[in-house]
Each structure stands twice: as structure tokens, then as C-alpha cells.
Amino acid sequence: EDYCWNKVVHRIDVKVDHFNKLSPAAFVCFPKGGKTSALSVCFDRLKKEGVNPILISLNSALQFHEAEDHAQILLRMITAAILGISPDKVTTSASAETLNSYFQGHKVVLLIDDLHCLGQSIDATGASLLLEEFLYPAGRYLVFSCLHPVGIRGIASDPNWCLADRPWE
């Protein structure tokens with residue numbers, strides 16, 4: 001709980017850009033290692049502290065649509081979490097611009113469980129969405145869990161951002 005909160009409180013108001021990077025917080029460990037529980041505790045603490053957490057799970061039970069790129073999958077999951085419905089019931093996902101307007105003036109942290117379910121690397125669309133909407137703007141932050149480091153295509157200047165801070169370092 002304290003690890004996640006300390007990362008968020010020290011980074012959520014930092015405005016960054018392509019030259020000044022901000023790493024997300026990550027829980028990277030073995031299966032059944034407590035990653036999902038850690039994100040749930042973090043979610044509760046953020047809510048208690050007045051931050052708006054959005055928790056999405058990309059576990060293997062989720063159905064990905066064949067034509068979706070990673071940004072579309074993430075947007076569908078975020079839309080479902082905000083609306084409080086199953087991702088399979090989302091017929092139209094919010095756009096990044098809509099989310100940006102919705103988040104204006106609010107502190108928002110996106111918590112992603114099982115990021116590795118998108119594959120060994122996140123495509124450029126997903127990477128861009130996470131960076132532009134959750135790591136660059138002040139008042140937003142990203143925390144995720146995965147079984148192994150996940151690479152990101154399309155961001156040559158920082159291909160290993162997911163090798164983020166870890167609680168045991």
C-alpha cells in the first residue's frame with residue numbers, strides 16, 4: 001500500500017515530455033505472487049486519498065477482438081471500468097480525447113493488471129496512449145502488474161520504460 005501511494009504522491013503532479021521521462025510503478029513477479037492483490041490495495045488507498053483510480057484487468061479470460069490494436073483494447077477496458085460494465089458490453093469506446101476531457105481537473109491513476117496479456121511487447125498505439133494520457137500530463141499516473149518485463153514498440157528513445165520502479169529496489 002505504501003509503495004504504491006508513495007510513487008503516486010511523488011509523481012502524479014509532475015508534468016513530463018519526450019525529454020523528461022517518468023517511469024510508471026510496476027509489480028513484476030511470478031504467478032500467484034500477489035500482483036492483483038497489490039493493485040487492489042493500491043486502488044483502495046488512492047480512492048481514500050482523493051485520487052480517481054481506474055482499475056482494468058487484461059487477464060486471459062478477456063476476449064480480444066481480432067481487429068483491435070492495443071490502444072483500442074485499452075480504451076475499451078477503460079471505458080468499461082468508468083461505466084461499471086463488462087468490457088464485452090462496450091459497443092463504442094471512448095476516444096483518448098474524450099478521456100482527456102473527462103479527466104480534466106481530476107487526479108487519475110490507471111492501474112492495469114496483467115499487462116503481459118497484450119503480448120511480449122505493446123504496439124505503438126498502446127504505448128502512445130499510455131504515455132500521452134497517463135505519464136506525460138500532470139495529475140495522472142500509471143501503475144501496472146505483469147509476469148515479465150514488457151517491451152514497447154514505436155518508442156525508440158525509451159524502449160524499456162516498463163522496467164519500472166519495483167517495490168523491492
Side-chain angles (χ1 to χ4, degrees), residues 1-29 35 38-43 45-47 49-58 68-82 93-167 169:
E1 176 181 344
D2 287 339
Y3 165 76
C4 184
W5 175 246
N6 289 335
K7 290 297 177 191
V8 171
V9 80
H10 287 97
R11 296 176 179 197
I12 194 163
D13 289 322
V14 176
K15 184 173 180 1
V16 296
D17 55 32
H18 295 283
F19 303 106
N20 301 300
K21 302 287 185 185
L22 182 65
S23 295
F27 295 96
V28 183
C29 56
K35 298 178 305 297
L39 287 178
S40 293
V41 167
C42 187
F43 179 91
R45 174 73 184 265
L46 291 168
K47 208 166 181 141
E49 298 290 344
V51 176
N52 300 296
I54 299 171
L55 178 60
I56 63 173
S57 178
L58 299 174
E68 287 181 313
D69 61 29
H70 291 166
Q72 291 167 324
I73 293 167
L74 292 167
L75 287 168
R76 179 165 56 94
M77 298 298 296
I78 293 166
T79 301
I82 290 170
S93 297
S95 67
E97 295 79 21
T98 302
L99 289 179
N100 201 14
S101 295
Y102 184 74
F103 296 157
Q104 282 298 61
H106 301 283
K107 292 186 178 191
V108 178
V109 175
L110 178 62
L111 302 145
I112 304 175
D113 191 26
D114 292 333
L115 184 63
H116 59 274
C117 289
L118 287 179
Q120 292 258 336
S121 64
I122 299 173
D123 68 21
T125 65
S128 178
L129 175 74
L130 294 176
L131 289 168
E132 299 291 334
E133 300 305 322
F134 295 98
L135 284 178
Y136 288 167
R140 302 205 197 138
Y141 194 54
L142 173 65
V143 179
F144 67 89
S145 72
C146 60
L147 291 177
H148 50 75
V150 178
I152 296 180
R153 286 182 251 148
I155 302 190
S157 63
D158 193 8
N160 295 314
W161 70 265
C162 64
L163 301 175
D165 299 327
R166 291 165 177 84
E169 290 184 337

Which atoms form the tightest heavy-atom contact between [X] and [Y], and what is the distance?
| X | Y | result |
| --- | --- | --- |
| Ile54 | Phe43 | N-CE1, 4.5 Å |
| Leu111 | Cys42 | CD2-SG, 3.8 Å |
| Met77 | Ile56 | O-CG2, 3.5 Å |
| Lys35 | Asp114 | CE-OD1, 4.2 Å |
| Leu58 | Cys117 | O-CB, 2.7 Å |
| Ser93 | Arg76 | OG-CA, 3.1 Å |

Return the [atom1] to [atom2] distance between [X] and [Y], rounded to the nearest 0.5 Å.
| X | Y | atom1 | atom2 | answer |
| --- | --- | --- | --- | --- |
| Ile73 | Ile78 | CD1 | CD1 | 12.0 Å |
| Leu46 | Lys107 | CG | NZ | 11.0 Å |
| Ile122 | His116 | CD1 | NE2 | 11.5 Å |
| Leu129 | Asp69 | CG | CG | 9.5 Å |

Item to complete: For the residue pair Asn52 and Arg140, confirm or rule out a side-chain donor-acceptor distance under 3.5 Å.
Response: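 Judged by distance alone, the side chains do not pair up.
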Item to complete: Keeping the roles fixed (side chain from Thr79, backbone from Leu75), state whether a donor-acceptor pair exists under 3.5 Å.
Response: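 Yes; at least one donor-acceptor contact below 3.5 Å.
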Fill in: Residues Ser95, Thr98; criterion side chain to side chain donor-acceptor pair (under 3.5 Å); working and verdict
CA-CA 5 Å; Ser95 67; Thr98 302; 2.9 Å; yes
